[in-house]
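This report concerns only the one structure given below.
These figures come from a predicted structure and were not determined experimentally.
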Amino acid sequence: MVYKATQDVVRRVMPLLDRLATRTIDKARLLQYLSARAGADWGVLELVGDGHEPADGPGDAPGDGPLVRVLRFRDRGTGVEHPIRYPVCLPPDLEPLVREEYKRLATDRPLSVMDPALFARFYQTDYCDRCRFRGPAHAQVHSECHFAGHPINFEADPAAR
């Protein structure tokens, strides 16, 4: 049942998309990009091009828009090529960590933990640094949050302002 599986993947990765993008179009492009990259890593797609193309916008003549990064993926089964824009909401320094997080969430296997560096980038300042469960004594609480991929045990510490 492909539809159900796709729906489940989107539900699992939505918190990741929400963390990086606020606009619906950016979430859609991010999901498309991460899905294509995962498909290439899993051997379903092949990355056949990575360059820059004009992004035609309102008022632009065809081909006159600002340049955007576009990756071309070829479906290994059909040979059809798909141009995918690099999402503007994905900082290049986070891209490898976000790709791995997407694959962690998208597979139908028992979940593991989110990469600690990515978790810290997303949640350290707003949550971890202000949580009453700070420090090594609360390692189990920390691992539950890392497993979930977002702060599920957050309780504000009034002393941590």
Side-chain angles (χ1 to χ4, degrees), residues 1-130 142 145-152 154:
M1 182 178 228
V2 175
Y3 175 75
K4 177 74 170 144
T6 302
Q7 192 176 37
D8 289 346
V9 168
V10 171
R11 180 185 48 76
R12 286 194 302 266
V13 302
M14 192 53 72
L16 177 66
L17 303 178
D18 288 340
R19 219 42 215 172
L20 292 162
T22 54
R23 298 182 325 156
T24 303
I25 187 67
D26 292 332
K27 290 177 189 180
R29 286 186 176 142
L30 180 59
L31 178 61
Q32 183 182 43
Y33 173 80
L34 293 172
S35 298
R37 285 298 232 177
D41 289 349
W42 294 329
V44 177
L45 300 174
E46 176 184 10
L47 179 62
V48 294
D50 184 349
H52 289 82
E53 297 178 6
D56 300 327
D60 291 332
D64 283 348
L67 292 181
V68 295
R69 184 176 173 200
V70 176
L71 292 88
R72 291 194 155 304
F73 293 88
R74 179 181 301 131
D75 184 307
R76 289 185 184 268
T78 66
V80 175
E81 289 189 12
H82 306 277
I84 307 286
R85 272 191 190 187
Y86 186 88
V88 296
C89 61
L90 181 58
D93 65 316
L94 276 187
E95 196 267 353
L97 294 173
V98 171
R99 280 174 57 186
E100 289 307 310
E101 180 64 8
Y102 174 85
K103 291 189 300 186
R104 178 183 86 87
L105 296 169
T107 56
D108 190 21
R109 294 182 303 206
L111 291 178
S112 56
V113 297
M114 178 186 267
D115 183 280
L118 185 61
F119 193 92
R121 178 81 178 259
F122 284 164
Y123 303 110
Q124 189 70 43
T125 303
D126 293 339
Y127 294 94
C128 301
D129 290 346
R130 300 182 321 106
H142 304 167
C145 291
H146 286 243
F147 179 81
H150 56 89
I152 59 172
F154 175 74

Residues Arg19, Leu118; criterion side-chain contact (heavy atoms from CB on, under 4.5 Å); working and verdict
CA-CA 11 Å; Arg19 219 42 215 172; Leu118 185 61; over 6 Å; no
Val70 and Ile84: side-chain contact (heavy atoms from CB on, under 4.5 Å), yes or no, with the steps? CA-CA 5 Å; Val70 176; Ile84 307 286; 6.0 Å; no
Sidechain-backbone polar pair: Arg104 side chain, Ser112 backbone, donor-acceptor under 3.5 Å: yes
Residues Arg72 and Asp50 bridged, charged N to O under 4.0 Å: no
ask   = side-chain contact (heavy atoms from CB on, under 4.5 Å) between Val9 and Leu105: does it pass, once the steps are laid out?
value = CA-CA 7 Å; Val9 168; Leu105 296 169; over 6 Å; no
Between the CG atom in Leu97 and the CG atom in Asp115, the distance rounded to the nearest 0.5 Å is 5.0 Å
On a heavy-atom basis, the closest approach of Asp26 and Ala21 is CB-CB, 3.7 Å
Practice item. Taking the side chain as every heavy atom from C-beta outward, state whether Pro83 and Leu71 have any pair of such atoms under 4.5 Å apart. Key: no
State, with a plain yes or no, whether a side-chain heavy atom of Leu45 is found less than 4.5 Å away from one of Arg76. no
Taking the side chain as everything from C-beta on, heavy atoms only, tell me whether Met14 gets closer than 4.5 Å to Val10. yes
Is a donor from one side chain sitting under 3.5 angstrom from an acceptor on the other, for Tyr33 and Arg37? yes
For Pro151 and Cys145 the tightest heavy-atom approach is CA-SG, 3.9 Å
The reported gap from OG in Ser35 to CH2 in Trp42 (rounded to nearest 0.5 angstrom) is 8.0 Å
(message) side-chain contact (heavy atoms from CB on, under 4.5 Å), that's the test. Do Leu94 and Arg121 meet it? Break it down for me.
(response) CA-CA 9 Å; Leu94 276 187; Arg121 178 81 178 259; 3.5 Å; yes
Between Arg130 and Asp126, is there a donor-acceptor pair closer than 3.5 Å when you use the side chain of the first and the backbone of the second?
yes
Requested in this report: Can you label the angle between the Phe119 ring and the Tyr123 ring as parallel, tilted or perpendicular, going by 30° and 60°?
Outcome: tilted
When rounded to the nearest 0.5 Å, the distance separating NE2 of His52 from CZ of Arg69 is 7.0 Å
d(Leu34 CG, Arg99 CZ) to nearest 0.5 Å is 8.5 Å
| said: Does atom CZ (Phe154) have a neighbourhood of more than 12 heavy atoms from anything else shown, all under 6.0 Å? | reply: yes
- For the residue pair Phe147 and Ile152, establish whether any side-chain heavy-atom pair is separated by less than 4.5 Å. no
Of all heavy-atom pairs linking Thr125 and Asp129, the shortest is CA-OD2, 3.8 Å
Margin query: Within the 4.5 Å heavy-atom criterion, are Tyr102 and Leu30 side-chain neighbours or not?
Written below: no
Output for pair (Glu81 CD, Asp75 CG), nearest 0.5 Å, gives 10.5 Å
Between Arg12 and Thr107 the two heavy atoms that sit nearest each other are NH2-O, 3.8 Å
So NE2 of His150 and CG of Asp18: to nearest 0.5 Å the spacing works out to 10.5 Å
### Task
State, with a plain yes or no, whether a side-chain heavy atom of Leu20 is found less than 4.5 Å away from one of Pro91.
yes
